[in-house]
Amino acid sequence: MFVLVVRNNSNSQAQEASLVLGAYLGMQGIEHALVQSCDLTGPAEVGEVRRVIERGVDLVVVLGGDGTILRTARQVGTLGVPILGINFGRLGFLANASDDGVVAIVAAALAGDVVQERRANLRIDVVCEGERDPWGDEEDASGEQPDGVRTFFALNELAVTRGANGRLIDFSLGVSGDRVADMRGDGVVVATATGSTGYALSAGGPLVSPGYDGLVVVPIAPHTLHSRSIVTGENDVVEVALAASPEGSYPREASLFVDGELIEFPMPVRHVYVRRGERPTILLRYQREGFYEHIAKTFF
């Protein structure tokens with residue numbers, strides 16, 4: 001058994017809890033490693049995070065809020081490793097309350113006295129200007145192969161929003177090959193059921209039970225009176241195609257945020273494809289509170 005402990009180092013309560021947890025795991029003879037949440041802001045390619053993940057992890061304990069869990073899921077969310085979140089943040093919708101103490105909660109997880117929740121995540125494929133689109137019919141003018149489509153993971157959502165110039169963006173929205181609408185506005189959010197309680201909800205989307213495997217598509221401040229949110233099937237692919245400026249005087253400019261993190265590209269983004277990831281992310285629930293009971297307390 002090897003446990004990875006991820007700590008929000010800016011939270012004094014999480015720091016204290018990590019010391020208590022480390023002492024407990026040591027007394028139980030359980031190997032463990034501690035990493036800071038700030039070390040998880042990028043791909044796990046270097047340093048301690050990479051070494052820990054490569055050796056194999058049986059359980060990840062996250063001491064922090066939802067943001068720390070999202071950063072952790074970016075590293076291990078497709079590996080089948082269960083994530084036990086203990087809330088030392090603010091909202092903590094994904095995490096367990098810390099009232100019973102970290103030792104009792106982790107001991108329950110080690111004993112199997114918790115509920116596994118298999119959460120759908122997102123695979124996000126981005127094609128930039130001048131690159132061949134492997135899902136489209138056209139090729140770039142040079143006919144050369146691209147360096148590779150950029151692929152990202154998200155547990156909550158992808159947000160395509162207006163860029164630094166502040167102008168509204170024009171885009172077309174499609175689902176599984178069918179064009180749904182040509183739109184203008186601040187952008188669009190594509191979320192999982194898990195992410196339906198985040199940005200998508202703020203943009204006017206529905207609350208969706210976390211066991212649902214489809215996607216939620218919510219336009220952001222659309223320049224129309226006829227916009228609607230869409231809840232897709234579990235195997236559907238959502239396509240966002242960004243349109244060039246009608247005047248041609250400035251390039252299309254949009255920003256992409258993956259679970260709240262800005263992703264930068266060397267060229268303007270042309271197409272974004274979003275689908276359910278192949279392997280779910282496993283969250284552990286201690287003394288499970290029902291989803292509807294939780295949202296009743298939080299949102300109503």
Side-chain angles (χ1 to χ4, degrees), residues 1-117 119 121 153 155-156 194 197-198 259-261 281-289 294 297-298:
M1 169 67 69
F2 187 88
V3 177
L4 172 63
V5 180
V6 179
R7 177 180 70 186
N8 182 349
N9 206 40
S10 64
N11 186 298
S12 60
Q13 291 180 304
Q15 292 184 45
E16 182 179 347
S18 70
L19 299 177
V20 173
L21 180 57
Y24 168 74
L25 293 174
M27 291 176 58
Q28 299 299 313
I30 298 174
E31 288 188 271
H32 62 281
L34 173 67
V35 299
Q36 314 298 341
S37 61
C38 59
D39 295 332
L40 305 179
T41 54
E45 295 176 349
V46 295
E48 182 65 20
V49 176
R50 177 180 179 181
R51 289 193 291 270
V52 170
I53 292 175
E54 284 182 345
R55 69 165 292 172
V57 177
D58 300 294
L59 172 67
V60 180
V61 179
V62 178
L63 307 177
D66 287 353
T68 309
I69 292 177
L70 293 177
R71 285 191 290 273
T72 302
R74 191 176 305 140
Q75 308 298 335
V76 301
T78 61
L79 302 180
V81 179
I83 300 171
L84 175 69
I86 303 176
N87 185 34
F88 292 98
R90 285 176 289 184
L91 180 59
F93 203 85
L94 299 177
N96 297 280
S98 58
D99 299 348
D100 287 356
V102 292
V103 170
I105 298 172
V106 173
L110 294 173
D113 191 20
V114 290
V115 176
Q116 283 196 2
E117 296 182 343
R119 302 290 188 99
N121 49 55
F153 166 94
L155 179 58
N156 260 10
T194 299
T197 59
D259 278 348
E261 180 180 341
T281 298
I282 300 174
L283 301 182
L284 299 182
R285 186 64 63 188
Y286 170 75
Q287 294 186 349
R288 176 184 174 90
E289 179 181 57
H294 199 168
K297 293 178 180 178
T298 306

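- Here the CG-CD distance, from L110 to Q28, works out to 8.0 Å after rounding to the nearest 0.5 Å.
- Among all heavy-atom pairs drawn from A95 and G64, the shortest one is CB-O, 4.4 Å.
- Taking each heavy atom of A14 and R7 in turn, the nearest pair found is O-CD, 3.6 Å.
- A distance-only check finds no donor-acceptor pair linking the side chain of D58 to the backbone of V3 [under 3.5 Å].
- In this structure, E117 CD and L94 CG are separated by 9.0 Å, a value rounded to the nearest 0.5 Å.
- I105 pairs in a side-chain contact (heavy atoms from CB on, under 4.5 Å) with only one of the listed residues (L21, V114, L84), which is L84.
- Here the straight-line distance linking atom CG of L155 with atom CZ of R119 works out to 7.5 Å at 0.5 Å rounding.
- You'll find the side chain of V81 stays beyond 4.5 Å of the side chain of I83, heavy atoms only.
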Test side chain to side chain contact (heavy atoms under 4.5 Å, CB included) applied to L63 and T68, step by step
CA-CA 8 Å; L63 307 177; T68 309; over 6 Å; no

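- In this structure the side chain of L284 never reaches within 4.5 angstrom of the side chain of Y286, judged on heavy atoms.
- Between L79 and the choices I282, I53, V60, V57, the side-chain contact (heavy atoms from CB on, under 4.5 Å) rule is met once, by I53.
- Checking side-chain atoms of N87 against main-chain N and O of N96 turns up no donor-acceptor pair under 3.5 Å.
- Here the closest non-hydrogen pair linking F93 and D66 is N-OD2, 2.8 Å.
- Note that OG of S18 and NE2 of H32 are 9.5 Å apart. Values are rounded to the nearest 0.5 Å.
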Are E261 and R74 close enough, and set up right, to give a side chain to side chain contact (heavy atoms under 4.5 Å, CB included), and what steps lead you there?
CA-CA 11 Å; E261 180 180 341; R74 191 176 305 140; 2.7 Å; yes

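- Side-chain atoms of M1 and E31, non-hydrogen and from C-beta on, never get closer than 4.5 Å to each other.
- The shortest distance between side-chain heavy atoms of L25 and V5 falls below 4.5 Å.
- Distance check: F153 CZ to D259 CG gives 7.0 Å after rounding to the nearest 0.5 Å.
- With sequence neighbours left out, T78 forms a side-chain hydrogen bond (donor to acceptor under 3.5 Å, both in side chains) with no residue at all.
- Within the model, atoms OG of S37 and CG of N8 stand 4.0 Å from one another, a figure rounded to the nearest 0.5 Å.
- Scanning both residues, N121 and G77, for their nearest heavy atoms gives ND2-O, 3.7 Å.
- Take N11 and apply the side-chain hydrogen bond (donor to acceptor under 3.5 Å, both in side chains) test, not counting sequence neighbours, and it matches no residue.
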